[in-house]
Amino acid sequence: GLFAEGKEGILSGHIVRNWKVRWFVLLQDKLLYYKIEGGKKEPSPKGRILLDGCTITCPCLEYENRPLLIKLKTKTNTDYFLECCSREERDSWALDITGAIHAGHPVQVQELHRMKNSFKLLENISLHHIVERMCDSSTGIKLTRNLQQGNRYKETFTGSALVDWLISNSFAVSRFEAITLASMLMEENFIKPVGARSTEATRFSNFSEQFLDDSTALYMFAESSKKNISSKEELQFNTSELSGTIVKQGFLVKQGHKRKNWKVRRFDLRADPAFLHYYDPTKEENRPVGGFSLRGCLVSALEDNGVPAGVKGNVQGNLFKIITKNDIHYYIQASSKAERAQWIEAIKPLT
């Protein structure tokens with residue numbers, strides 16, 4: 001399996017109110033911990049943390065004097081805190097544990113490795129909150145007129161100014177972390193590149209190279225975030241389309257329209273009226289981030305050998321496509337052939 005040999009190392013763990021040094025071994029679906037006696041780990045584990053359904057928070061800021069923590073909350077709501085010796089070690093463990101938690105979603109694991117350690121920011125930072133703070137007239141980021149290649153851009157800020165602002169407002173502790181956060185703001189369409197220098201960089205395939213920490217790269221708020229509202233919040237779903245009976249629900253991986261990146265979404269299939277809505281499982285509020293009417297749609301399974309046309313990234317297997325009446329193409333991946341067949345069977349009669 002993915003982490004069959006696992007990862008081993010000494011970390012300080014905190015389960016009840018006391019901290020103990022333990023030898024941890026990461027397996028595919030659990031984290032085992034052992035007592036260390038005379039410098040060697042004991043033969044049988046002292047305990048285990050089941051990773052299925054776990055949520056990970058890193059960096060975890062619950063203990064002021066312990067900045068290098070990872071927090072794991074199990075399915076049964078038990079909290080474990082693991083303390084590492086360095087940021088590098090913490091980030092490496094957090095990445096591997098997150099990979100094991102999501103091992104059921106191969107696409108997500110590729111995504112995690114591609115984004116290096118940016119996932120650790122998703123857990124406890126709200127992008128909306130950052131944008132609200134950025135827009136604040138007194139403490140927000142200063143907008144200036146900038147000249148680039150003879151063009152005058154109003155209300156822009158430079159890449160390095162945003163990185164400085166994120167660090168000075170404690171949203172990030174290092175430039176690397178701030179660049180990752182800025183890339184996410186761009187990815188989620190809160191800010192957009194303006195001018196040749198910053199636009200050029202978005203063509204890089206590596207997520208961490210798409211935003212430039214540079215005083216010649218210009219960015220501005222995307223129209224939607226100017227009102228402190230993201231484009232997603234503006235999607236007003238009228239109550240009638242959400243009034244149908246839910247006939248099927250589940251997690252699927254969906255290709256985005258703009259950036260073509262794959263994300264896990266919770267899908268609700270409704271009948272009468274027939275709609276398919278999808279939700280971001282990482283958000284607190286229970287409202288769809290997208291959806292469409294199924295009337296007049298075409299749904300079909302895609303070829304399992306190789307990457308089908310229209311699919312970006314090395315994503316293959318268990319894919320299906322929905323084409324709406326307005327000719328919008330949705331590419332979706334199920335976790336198995338059987339699951340794909342069930343979704344197609346459920347959608348077809350509603351088109």
Side-chain angles (χ1 to χ4, degrees), residues 1-15 20-36 41-42 44-60 62 68-125 177 180 184 207-208 250-254 261-266 280-282 313-318 333-336 339:
L2 198 57
F3 296 101
E5 319 79 52
K7 180 177 178 109
E8 295 193 23
I10 297 174
L11 300 171
S12 157
H14 165 65
I15 296 141
K20 295 212 163 69
V21 173
R22 293 281 180 256
W23 182 273
F24 280 78
V25 178
L26 176 61
L27 299 176
Q28 187 160 4
D29 57 350
K30 55 184 164 286
L31 199 51
L32 301 177
Y33 50 92
Y34 298 75
K35 274 175 108 165
I36 302 170
K41 72 168 198 217
E42 290 195 340
S44 53
K46 176 95 175 81
R48 60 183 191 164
I49 303 169
L50 294 176
L51 297 176
D52 181 35
C54 248
T55 51
I56 182 169
T57 306
C58 176
C60 161
E62 287 183 33
L68 299 172
L69 287 185
I70 296 170
K71 176 180 173 182
L72 289 173
K73 186 187 266 303
T74 64
K75 216 190 224 165
T76 53
N77 280 334
T78 310
D79 289 346
Y80 292 91
F81 294 87
L82 310 182
E83 189 178 40
C84 304
C85 302
S86 67
R87 293 181 64 86
E88 291 71 26
E89 184 188 46
R90 177 196 72 184
D91 294 350
S92 154
W93 271 90
L95 182 65
D96 288 342
I97 292 169
T98 306
I101 291 172
H102 292 308
H105 301 286
V107 173
Q108 238 178 349
V109 176
Q110 285 171 14
E111 199 63 350
L112 286 170
H113 286 288
R114 193 169 67 80
M115 287 165 66
K116 298 213 174 79
N117 60 7
S118 60
F119 70 90
K120 66 175 192 273
L121 299 157
L122 291 167
E123 296 292 343
N124 51 0
I125 288 180
E177 225 167 74
T180 306
M184 282 160 58
F207 182 83
S208 57
F251 289 101
L252 296 165
V253 188
K254 176 187 157 295
N261 50 348
W262 290 84
K263 291 194 174 158
V264 175
R265 294 288 178 249
R266 190 193 90 222
D280 182 341
T282 62
N314 188 21
V315 177
Q316 43 188 306
N318 312 322
Q333 186 180 42
S335 59
S336 67
E339 189 189 34

field: Value rounded to 0.5 Å, distance of CD in Glu339 from CD in Gln333
entry: 10.0 Å
Passing candidate, side-chain contact (heavy atoms from CB on, under 4.5 Å) with Trp93, options Leu95, Ile97, Asp96: Ile97
message: So, taking the atom named CD1 in Ile70 and the one named CD in Glu83, what distance separates them when rounded to the nearest 0.5 Å?
response: 10.5 Å
- line: Tightest non-hydrogen contact, residues Thr57 and Cys60, listed as O-CB, 3.8 Å
message: Measuring from atom CD1 of Ile49 to atom OG1 of Thr78, what distance do you get when rounded to the nearest 0.5 angstrom?
response: 9.5 Å
message: I'd like to know whether Val25 forms a side-chain contact (heavy atoms from CB on, under 4.5 Å) with Leu27, so could you lay out the CA-CA distance, the side-chain angles of the two residues, the decisive distance to 0.1 Å, and finally the verdict.
response: CA-CA 6 Å; Val25 178; Leu27 299 176; 4.1 Å; yes
- prompt: For the atom pair CZ (Phe24) and OH (Tyr80), what is the distance rounded to the nearest 0.5 Å?
  reply: 9.5 Å
message: Side chains of Asp29 and Asp52, heavy atoms from C-beta outward: is any pair under 4.5 Å?
response: no
Closest non-hydrogen atom pair between Arg48 and Leu32, with its separation: CB-CD2, 3.5 Å
query: Can you tell me how far OG1 of Thr55 sits from CG of Leu72, rounded to the nearest 0.5 angstrom?
result: 8.0 Å
message: Tell me the closest heavy-atom pair linking Ala100 and Leu26, and the distance in Å.
response: CB-CD1, 4.3 Å
message: Going by the rule side chain to side chain donor-acceptor pair (under 3.5 Å), which residues pair with Lys71 if we only count those two or more places apart in sequence or in a different chain?
response: Glu62
query: Taking the side chain as C-beta and beyond, is there a heavy-atom pair between Thr76 and Leu50 under 4.5 Å?
result: no
